[in-house]
Amino acid sequence: EKAGFKHFMLKEIHEQPRAIEDTLRGRLDREHGDVHGHEIGLSDDDARSIKRVFLLACGTSHHAAMTGRYYLESIARIPTSVELASEFRGREPMIGEGDLVVAVSQSGETIDTLIAAREAKERGAKILAIANVIGSAIPRMADAAFYTHAGPEIGVASTKCFSTQLANLMMLSIWLGKRRGSLDEAKARELVEAMARLPLLMRDVITGTRQLVCNLAKRYRDARDVLFLGRGLNYPIALEAALKLKEISYVHAEGYAAGEMKHGPIALIDSAVPVFVLMPKDRWYERTHGNLQEAKAREGQVIAIATEGDESAHSLSQDVIEVPDVPEAITPFLTVLPMQLYSYYVADFKGTDVDQPRNLAKTVTVE
Ligand code: M6R
């Protein structure tokens, strides 16, 4: 049941370290800095000959797929596009033999993702499912299934399935990168070791940020609009944070690529708008830091999600939610946790039906 937690969502947020452990079990090959890839359903020759990857998904799974694109491009060096399954369908997509489609779906039953994957299969692409529910429709129609093993997710808001999808996308990228010769030994080992540490790191972030995030939720629960900004690997996390807040607390929120602020949305910022800036120390840090200063100059209530010990973030923001210093590819696994907790606490303060938000179904089987 809820194991002492008030809602399934809160339980599932706290289960993530364990879920990731289950997802990684038997798949990380720490001895060789590699991944055991038999479930991926491709031969080593296939891995080398893939020309492009298409990631198809909806909702939160689409956000995981967006982060997955960074992994596939930077680790496996394969041209990758991410598509909303509902937009891919019926578009006469340019796809065929030599292309790998990765359909990402917690339930494995989302109708748009299923039909989009079918269309791609008919055109000759290979289909790999990343799903949580074993034996569901998408893994059944796919050529192979790489399950997330997060355990049943009851809350309509997807949390532990998101982080385990990231883990599978990262493992897929490492496996492909090793076979294609695009991932060097040292980097592969660094990533595999960092993944092995994830359960511990995630546990620390959940317990270390929980109280501060709850206080922030209390302070900003009545804000009418909330902005989340991020770049690169953390842009999808900004989108995910906004989706979560809309979905369960019915607060209007927007996730934005930080670099797009000055192309319009910065006009929204005033002293009533909390602006969460995802800015771990990564290759995008300096530029995102500049966006934080711009938000502050417009008197936004700025909250940074930053790497431990980032003095500059502390001096510029109202509050700082700290995450440990990890290789940049790993940061989304950690930054998403306080964002999930934030939406949870806002919803709980508002007294909404957290696990069963209005108008939403856990599995979307209608078009
Ligand atoms: O089962 P799926 O991963 O295919 O579901 C996709 C979306 O319906 C789902 O992620 C939805 O956005 C969640 N309720 C978000 O928390």
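Along the sequence shown, the residues carry numbers beginning at 1. Each ligand, and each atom within it, is numbered from 1 in the order the structure gives. Just so it is clear, the values below take in all heavy atoms, side chains as well, and ignore hydrogens, waters and symmetry mates.
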Asks: Does at least one non-hydrogen atom of Thr113 fall below 4.0 angstrom from an atom of ligand 1?
Replies: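 Heavy atoms of Thr113 never come under 4.0 Å of ligand 1.
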Asks: With no hydrogens and no angle check, just 3.5 Å: does a side-chain donor-acceptor pair link Gln16 and Ser163?
Replies: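 Yes, side-chain donor-acceptor contact under 3.5 Å.
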Asks: Indicate whether the side chain of Thr23 and that of Asn168 have a donor and an acceptor atom separated by less than 3.5 Å.
Replies: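 Checked: Thr23/Asn168 side chains show no N/O donor-acceptor pair below 3.5 Å.
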Asks: Does the side chain of Thr288 pick up a donor-acceptor pair with the side chain of Asn291 at under 3.5 Å?
Replies: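 Not at all, the side chains of Thr288 and Asn291 share no donor-acceptor pair under 3.5 Å.
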Asks: For atom 6 (C) of ligand 1, grab the closest protein heavy atom and report residue, atom and distance to one decimal in Å.
Replies: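 Answer, as residue, atom name and distance: Cys58 O, 3.4 Å.
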Asks: Starting from atom 5 (O) of ligand 1, which protein heavy atom do you reach first, and at what distance in Å?
Replies: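 So the nearest neighbour among protein heavy atoms is Thr110 OG1, 3.5 Å.
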Asks: Is Asp319 paired with Arg219 through a side-chain N to carboxylate O contact shorter than 4.0 Å?
Replies: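 Between Asp319 and Arg219 there is a salt bridge, with a charged N closer than 4.0 Å to a carboxylate O.
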Asks: Just need the protein heavy atom nearest to atom 8 (O) of ligand 1, so name the residue and atom and give the distance.
Replies: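 Checking every protein heavy atom, the shortest distance to atom 8 (O) of ligand 1 gives Val364 CG2, 4.0 Å.
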Asks: Mind running salt bridge (charged side-chain N to carboxylate O under 4.0 Å, His left out) on Arg123 and Glu119 for me, showing each step along the way?
Replies: CA-CA 7 Å; Arg123 287 167 195 263; Glu119 282 187 14; 5.3 Å; no
Asks: Could you list the atoms of ligand 1 found under 4.0 angstrom from a heavy atom of Ser61?
Replies: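 Within the 4.0 Å cut-off of Ser61, ligand 1 contributes 2 (P), 3 (O), 10 (O).
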Asks: For Glu294, is there an ion pair with Arg298 - N to carboxylate O distance below 4.0 angstrom?
Replies: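 No.
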Asks: Side chains of Asn132 and Thr148: is there a donor and an acceptor less than 3.5 Å apart?
Replies: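 A pair is found: one side chain offers a donor N or O, the other an acceptor, under 3.5 Å apart.
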Asks: Considering heavy atoms of the protein only, find what lies nearest to atom 11 (C) of ligand 1 and give residue, atom and distance to 0.1 Å.
Replies: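 Checking every protein heavy atom, the shortest distance to atom 11 (C) of ligand 1 gives Thr60 N, 4.1 Å.
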Asks: Side chain or backbone, does Ala157 bring an N or O within less than 3.5 Å of an N or O on ligand 1?
Replies: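 No - when backbone and side-chain N and O of Ala157 are compared with those of ligand 1, no distance drops under 3.5 Å.
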Asks: Show the atoms of ligand 1 that are less than 4.0 angstrom away from any heavy atom in Lys244.
Replies: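 Contacts of ligand 1 toward Lys244, numbered from 1: 15 (C), 16 (O).
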Asks: How about Thr60 and Lys244: do any of their side-chain heavy atoms sit closer than 4.5 Å?
Replies: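 Counting from C-beta outward, Thr60 and Lys244 do come under 4.5 Å.
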Asks: So if I count the atoms of ligand 1 from 1 in the order they appear, which ones are less than 4.0 Å from some heavy atom of Gln106?
Replies: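 That gives atoms 1 (O), 2 (P), 3 (O), 4 (O) of ligand 1.
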Asks: Any N or O on Gln165 sitting closer than 3.5 Å to an N or O of ligand 1?
Replies: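 In this structure, Gln165 places no N or O atom under 3.5 Å from an N or O of ligand 1.
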Asks: Which of the listed options, Glu247, Lys362, Glu109, holds the heavy atom that is closest to atom 14 (N) of ligand 1?
Replies: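 Answer by nearest heavy atom: Glu247.
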Asks: Can you name the atoms of ligand 1, numbered from 1 with element, that are less than 4.0 Å from a heavy atom of Ser105?
Replies: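 Near Ser105, meaning under 4.0 Å from one of its heavy atoms, ligand 1 has 1 (O), 2 (P), 3 (O), 4 (O).
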